[in-house]
Every structure is written in structure tokens, then in C-alpha cells.
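In what follows, a structure is listed as C-alpha cells, so that the remarks can point back to it.
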Amino acid sequence: MASRNRFKELEQMMTRILIADVVVFGLFLLFAGLGVAAMKVICAIVTIIVSGLCLAFLYMTGVTKKRAGLWMVVGFASVLVCLLVSLICNYPSPLK
């Protein structure tokens, strides 16, 4: 019973972190569209660090091998992939 409770706590914590990561990614898109370069860079760095650290934490705790925790891995990985694609394609960019 204790391991189920620990997993539930981990799942709740990671859900909150994932929501915060998505919000920062949304701010990245907003600042990129408005042309605020400094905030775009800060949001990109924060998103990369948070997603990367959470993926590393989930790997180290063994959640990547469990079917119940796979959605957390996919969530953080998708935010990271979307950010990298956005940076490579330079989208959104301010209108000139």
C-alpha cells in the first residue's frame, strides 16, 4: 500500500511540474511572437532544464519502465521536442 501511495504522490508532483512547464513553454511562444528576445531565451532555458531534469529523474526512479508512469515521460518529452522544433524553425517570429 505504501508504494502505491508514493507513486500517487510522485504522480501529483510531476503533474504540477508538467503544468508549470507547459505554462513556461506558452510564455516562450508568446514572447517569441512579440519579439522579446531576452524573455524568449529565459523561458527556453527554463523549459529545457525543467524537462530534462524531470526526464532524468523519472528515468532514475524507474518510472520509465512502468506502464502507469509512461504518460509523464511522454508529457515532458513532448514539451521538450516542441520547444526544440520551435527553436530550429524560428517559429513564431515577430512580424517585420
Side-chain angles (χ1 to χ4, degrees):
M1 186 72 164
S3 67
R4 176 175 279 168
N5 193 21
R6 284 186 191 173
F7 182 76
K8 191 77 166 168
E9 290 174 8
L10 173 73
E11 191 175 30
Q12 289 175 351
M13 181 184 66
M14 286 295 160
T15 302
R16 290 184 188 119
I17 295 173
L18 182 60
I19 290 169
D21 199 26
V22 169
V23 167
V24 174
F25 176 66
L27 288 173
F28 162 79
L29 292 174
L30 178 70
F31 290 132
L34 294 174
V36 185
M39 290 304 294
K40 173 185 170 183
V41 170
I42 291 171
C43 289
I45 291 171
V46 169
T47 302
I48 290 170
I49 289 173
V50 169
S51 293
L53 287 177
C54 286
L55 284 172
F57 176 75
L58 290 172
Y59 178 75
M60 291 172 64
T61 56
V63 176
T64 56
K65 298 173 186 164
K66 296 180 182 178
R67 187 176 179 102
L70 192 59
W71 69 268
M72 293 182 275
V73 175
V74 171
F76 286 111
S78 64
V79 170
L80 193 59
V81 167
C82 287
L83 176 74
L84 293 176
V85 168
S86 178
L87 286 171
I88 291 170
C89 296
N90 195 26
Y91 181 82
S93 60
L95 298 173
K96 292 185 180 189

When rounded to the nearest 0.5 angstrom, what is the spacing between [atom1] in [X] and [atom2] in [Y]?
X: F25; Y: S86; atom1: CZ; atom2: OG; answer: 5.5 Å
X: W71; Y: M14; atom1: CH2; atom2: CE; answer: 9.5 Å
X: L27; Y: K40; atom1: CG; atom2: NZ; answer: 14.0 Å
X: L53; Y: L58; atom1: CG; atom2: CG; answer: 11.0 Å
X: I49; Y: D21; atom1: CD1; atom2: CG; answer: 11.0 Å
X: L80; Y: I48; atom1: CG; atom2: CD1; answer: 6.5 Å

Contact between [X] and [Y] at the side-chain level, heavy atoms closer than 4.5 Å - yes or no?
X: V63; Y: L10; answer: yes
X: F76; Y: I17; answer: yes
X: V24; Y: V79; answer: no

Problem set entry | Heavy-atom pair of closest approach, residues P94 and A32 |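 In terms of heavy atoms, the two residues are closest at CD-O, 3.4 Å.
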
Exercise. Minimum heavy-atom separation for P92 to L29, with atom names?
Worked result: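 Result for this residue pair: CG-O, 3.4 Å.
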
Linked, directly or transitively: [X] and [Y] (ILVMFWY side chains, under 4.5 Å):
X: L55; Y: L70; result: no
X: M39; Y: V41; result: no
X: L84; Y: V50; result: yes
X: F31; Y: I45; result: no

Exercise. Among pairs that include at least one residue of residues 58-68, which meet side chain to side chain donor-acceptor pair (under 3.5 Å), considering only residues two or more places apart or in two chains?
Worked result: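 Qualifying pairs: none.
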
